[in-house]
Amino acid sequence: MEKRNELYAGKAKSVYATDDADRLILHFRDDTSAFDGKKVEQLARKGMVNNKFNAFIMGKLKEAGIPTHFEALLSDNECVVKKLDMIPVECVVRNLAAGGLVRRLGVDEGMELNPPTFELFLKNDAKGDPMINESLAETFGWATPEQLTTMKTLTFKVNEVLKQLFLDGGMLLVDYKLEFGLFHGDVVLGDEFSPDGCRLWDKDTREKMDKDRFRQGLGGVIEAYEEVGKRLGMRFD
Ligand code: ADP
Ligand code: CDP
């Protein structure tokens with residue numbers, strides 16, 4: 001597979017075309033951003049850790065029958081994926097209250113959410129990724145009702161797989177964000193699953209092991225990501 005021109009440089013990854021019109025290369029950079037790109041720093045090893053973390057999780061999801069864009073690891077910082085027409089809607093599931101939900105509703109952080117909640121956000125940094133709903137997504141043409149139904153079903157299926165996976169490693173999957181896209185018309189999980197896009201707490205101490213360490217300036221960000229990976233059986237060397 002031949003790497004061609006850069007198509008897009010996002011906040012954390014760069015996307016490259018390949019000689020296959022249906023395949024892209026994702027390059028995970030060390031850039032770390034929060035607050036819609038307002039806080040940005042370079043964290044050594046982060047690109048490598050997230051690339052390998054994502055490959056591991058995408059493998060688990062594939063085993064569970066979830067269609068994903070992931071094809072293969074290419075190098076420490078790169079992987080090959082199916083080229084998707086991305087749906088500009090972020091799907092968020094929450095098992096415990098944290099972050100935006102706590103700010104919006106004033107509930108206590110750590111409150112158990114039963115059943116888990118499902119929220120939609122428009123992927124639009126300039127507008128601060130506003131919360132939307134299925135009606136808005138349909139009216140503005142961001143996703144069809146059928147696509148939204150599939151996205152919701154798959155997002156909850158991911159929850160069943162990953163909640164247990166992290167629990168087995170002594171961690172609570174607090175919440176996470178997924179992005180989907182279309183591959184020849186089918187809804188497929190895209191982007192990444194890493195501690196950048198989810199919240200993970202130690203089950204016993206509730207210590208934060210995800211990007212909140214960066215958002216809140218707690219330090220030890222990559223050390224925490226690597227610890228999460230090690231608890232799941234990953235190796236980063
Ligand atoms: P952002 O765009 O939010 O700054 P990233 O830095 O992670 O995010 O950039 C990666 C970009 O690649 C995102 O816009 C994401 O939607 C897009 N993307 C992820 N997976 C695929 C895929 N399989 N096909 C096409 N685009 C993808
Ligand atoms: O992160 P913040 O508190 O602003 O928003 P949230 O709605 O509480 O985020 C819920 C989950 O989705 C967290 O795990 C975030 O890391 C993740 N998320 C993300 O990865 N990217 C976004 N643009 C928004 C949320």
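Just so it is clear, the model here is predicted, and its values are computed rather than measured. Read the numbers this way: they start at 1 and go in the same order the structure lists the ligands and their atoms.
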*In the protein, what heavy atom is nearest to atom 2 (O) of ligand 1, and what distance, to one decimal place, separates them?*
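Among all protein heavy atoms, the one nearest atom 2 (O) of ligand 1 is Tyr8 OH, 2.7 Å.
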
*Which residue and non-hydrogen atom of the protein lie closest to atom 21 (C) of ligand 1, and at what distance in Å?*
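Protein heavy atom with the smallest distance to atom 21 (C) of ligand 1: Met86 SD, 3.6 Å.
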
*Which atoms from ligand 1 have a heavy atom of Val15 less than 4.0 Å away?*
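Result: 12 (O).
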
*Numbering as shown, the atoms of ligand 1 that approach Val81 to under 4.0 Å (heavy-atom distance)*: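 In order of number, 23 (N).
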
*Residues clustering with Phe121 (ILVMFWY side chains joined when closer than 4.5 Å, directly or via others)*: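 Listed partners: Val92, Met131.
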
Which ligand 2 atoms does [X] reach within 4.0 Å, using its non-hydrogen atoms?
X	answer
Gly99	3 (O), 8 (O)
Arg215	1 (O), 15 (C), 16 (O)
Glu90	22 (C), 23 (N), 24 (C)

Under 3.5 Å between some N or O of ligand 1 and some N or O of [X]?
X	answer
Leu84	yes
Asp125	no
Lys82	yes
Lys83	no

*At what distance, to the nearest 0.5 angstrom, does CD1 of Ile66 lie from CG of Leu162?*
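So the CD1 of Ile66 and the CG of Leu162 are separated by 7.0 Å.
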
*According to the interplanar angle, ranging from 0 to 90°, do the rings of Phe193 and Tyr176 count as parallel (below 30°), tilted (30 to 60°) or perpendicular (above 60°)?*
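Because their plane-to-plane angle lies in the 30° to 60° range, the rings of Phe193 and Tyr176 count as tilted.
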
*Cationic tip of Lys3 above Tyr16 ring, under 6.0 Å, 45° of axis*: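 Verdict for Tyr16: a cation-pi partner in Lys3.
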
_Give me the atom names and distance for the closest heavy-atom approach of Phe214 to Ser33._
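Result for this residue pair: CE2-C, 3.8 Å.
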
*With the threshold set at 4.0 Å, does a side-chain nitrogen-carboxylate oxygen contact exist between Glu227 and Arg231?*
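Salt bridge flag = yes for Arg231 with Glu227.
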
